[in-house]
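Reviewing the structure listed below.
Start at 1 with the first residue, then count along the sequence. Just the heavy atoms: all of them, side chains too, but no hydrogens, waters or symmetry mates, feed the values below.
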Amino acid sequence: MEFTLQRTYYKKGTNSALFFKGLFMGFVIELPWLENRRIISCIPEGTYKLKPRFSEKFKHHLQLENVPGRSLILIHPANDALKELEGCIAPVTYLTGIGKGSSSRLLFQKIVSKCYQAFERKEKVLLTIKS
């Protein structure tokens, strides 16, 4: 199972369209590309395996594995990349600006539901990020 992010880079953030099986699902916001620097940059383009993760803060969410030079890169709800993300990825239903969106939890829940169903079937879940 594979999701695809089609990125567009801006000085103050990164906006992407999110696709599942070639069908548009919504959008994603991230920090700007700042040479993969921890906490202030989005991660490099590539294909990453997703795994389930649980925390008190985000409950059930997703983590990307094997991100070069980075750790604990998550997919979790957020509506403002600069204020709420530290290198992570946030799905949003609507884009409201560069690195900003709305209704994050709505799309996040759809993604988590699809992924956790795949995990139960022992399927590998991938995220490909490209521009």
Side-chain angles (χ1 to χ4, degrees):
M1 188 167 106
E2 185 172 6
F3 293 89
T4 303
L5 280 186
Q6 187 68 46
R7 272 185 180 165
T8 303
Y9 297 96
Y10 300 97
K11 197 172 190 173
K12 296 197 182 257
T14 303
N15 292 351
S16 302
L18 176 67
F19 298 90
F20 176 68
K21 294 185 177 179
L23 300 174
F24 176 76
M25 281 192 77
F27 300 97
V28 167
I29 58 170
E30 297 173 84
L31 293 169
W33 173 250
L34 295 170
E35 306 302 323
N36 195 33
R37 295 198 315 245
R38 293 179 49 112
I39 300 178
I40 63 168
S41 176
C42 61
I43 62 171
E45 294 179 14
T47 299
Y48 302 98
K49 184 177 177 187
L50 300 180
K51 71 177 186 178
R53 185 172 187 275
F54 182 87
S55 71
E56 283 302 315
K57 183 175 182 178
F58 298 119
K59 307 301 180 204
H60 292 283
H61 57 285
L62 303 163
Q63 181 175 343
L64 283 72
E65 292 188 322
N66 301 314
V67 177
R70 305 283 286 277
S71 61
L72 211 57
I73 301 299
L74 310 176
I75 296 176
H76 65 77
N79 290 307
D80 187 323
L82 290 176
K83 291 180 181 177
E84 300 175 83
L85 299 179
E86 295 181 348
C88 296
I89 296 171
V92 294
T93 303
Y94 308 101
L95 287 175
T96 60
I98 294 170
K100 295 182 180 184
S102 65
S103 302
S104 182
R105 289 192 186 283
L106 183 65
L107 181 56
F108 171 75
Q109 288 302 329
K110 289 179 185 175
I111 294 165
V112 167
S113 176
K114 285 184 182 301
C115 289
Y116 274 71
Q117 288 174 40
F119 297 144
E120 286 179 18
R121 296 187 302 265
K122 307 287 190 236
E123 289 180 30
K124 187 185 330 183
V125 180
L126 301 174
L127 174 66
T128 297
I129 302 171
K130 58 188 177 179
S131 59

Task: Side chain Ser104, main chain Pro91, donor-acceptor under 3.5 Å - done: yes
TODO: Taking the side chain as every heavy atom from C-beta outward, state whether Leu127 and Leu64 have any atom pair closer than 4.5 Å.
DONE: yes
Open item on the list: Side chains of Ile29 and Asp80, heavy atoms from C-beta outward: is any pair under 4.5 Å?
Closed with: no
TODO: State, to 0.1 Å, how close Phe20 and Met1 come at their nearest heavy-atom pair, and which atoms those are.
DONE: CE1-CG, 3.3 Å
Task: For Leu5 against Ser16, the heavy-atom pair lying closest together - done: CD2-CB, 3.9 Å
Open item on the list: Side chains of Glu84 and Pro77, heavy atoms from C-beta outward: is any pair under 4.5 Å?
Closed with: no
Open item on the list: Do Met25 and Phe19 have side chains that approach each other closer than 4.5 Å (heavy atoms only, starting at C-beta)?
Closed with: no
TODO: Look only at the side chain of Thr14 and the backbone of Leu31, and say whether a donor-acceptor pair between them is shorter than 3.5 Å.
DONE: yes
Open item on the list: Taking Val28 as the starting point, is it possible to reach Leu23 by hopping between hydrophobic residues whose side chains are less than 4.5 Å apart?
Closed with: no
- [ ] Answer yes or no: is there a donor N or O on one side and an acceptor on the other, between the side chain of Lys59 and the main chain of Glu56, under 3.5 Å?
- [x] yes
Open item on the list: Please check this pair: side chain of Thr93 against backbone of Ser103, looking for a donor-acceptor N/O pair closer than 3.5 Å.
Closed with: yes
Task: Approximate separation, where rounding is to 0.5 Å, of His61 NE2 and Arg53 CZ - done: 4.0 Å
TODO: Evaluate the side-chain proximity of Pro52 to Tyr116: yes if any heavy-atom separation is below 4.5 Å, no if none is.
DONE: yes
Task: Flag side-chain contact, heavy atom, 4.5 Å: Leu82 against Pro32 - done: yes
Open item on the list: Between Thr4 and Thr128, is there a side-chain donor-acceptor contact under 3.5 Å, judged purely by atom types and distance?
Closed with: no
Open item on the list: Could you tell me if Ser113 and Gln109 have a donor-acceptor pair between their side chains, going purely by distance under 3.5 Å?
Closed with: no
- [ ] To the nearest 0.5 angstrom, please state how far the SG atom of Cys42 sits from the CD1 atom of Ile129.
- [x] 8.0 Å
- [ ] Say whether Arg70 and Asn36, considering side chains only, have a donor N or O and an acceptor N or O under 3.5 Å apart.
- [x] yes
- [ ] Flag the pair Arg37 / Ile40 as yes when at least one side-chain heavy-atom distance between them is below 4.5 Å, and no otherwise.
- [x] yes
Open item on the list: Can you list, by chain and residue number, the hydrophobic cluster partners of Leu74 when the side-chain cut-off is 4.5 Å?
Closed with: Phe58, Leu72
Task: Linked, directly or transitively: Val92 and Ile98 (ILVMFWY side chains, under 4.5 Å) - done: no
Task: Closest non-hydrogen atom pair between Cys115 and Leu50, with its separation - done: SG-CD1, 4.2 Å
Open item on the list: Check this for me, if you would: do Arg38 and Glu86 make a salt bridge, where the nitrogen-to-carboxylate-oxygen distance has to be below 4.0 angstrom?
Closed with: no
- [ ] Working to the nearest 0.5 Å, report the span between CD1 of Ile73 and CD of Glu65.
- [x] 13.0 Å
Open item on the list: Does Glu30 form a salt bridge (Lys or Arg N to Asp or Glu O under 4.0 Å) with Arg7? I'd like the steps, not just the answer.
Closed with: CA-CA 9 Å; Glu30 297 173 84; Arg7 272 185 180 165; 2.7 Å; yes
- [ ] Let me see the working for Leu62 and Phe119 under side chain to side chain contact (heavy atoms under 4.5 Å, CB included), right down to the final yes or no.
- [x] CA-CA 11 Å; Leu62 303 163; Phe119 297 144; 3.7 Å; yes
Open item on the list: Is it the case that the side chain of Asn15 and the backbone of Gly97 share a donor-acceptor pair, with hydrogens and angles ignored and the cut-off at 3.5 Å?
Closed with: yes
- [ ] For the residue pair Phe3 and Lys21, establish whether any side-chain heavy-atom pair is separated by less than 4.5 Å.
- [x] no
TODO: Measure the spacing between CZ of Phe24 and CG of Leu18 and express it to the nearest 0.5 Å.
DONE: 8.0 Å
TODO: Compute whether any side-chain donor of one residue and acceptor of the other, for Ser131 and Gln6, lie under 3.5 angstrom apart.
DONE: no
TODO: Return yes if a side-chain donor-acceptor contact under 3.5 Å exists between Glu35 and Ser41, otherwise no.
DONE: no
Task: Contact summary for Asn66 and Tyr48, nearest pair of heavy atoms - done: O-CE2, 3.8 Å
- [ ] State the CD-CD distance between Glu123 and Glu2, to the nearest 0.5 angstrom.
- [x] 12.5 Å
Open item on the list: For Gly26 versus Leu107, what's the shortest heavy-atom pair and its separation?
Closed with: CA-CD2, 3.8 Å
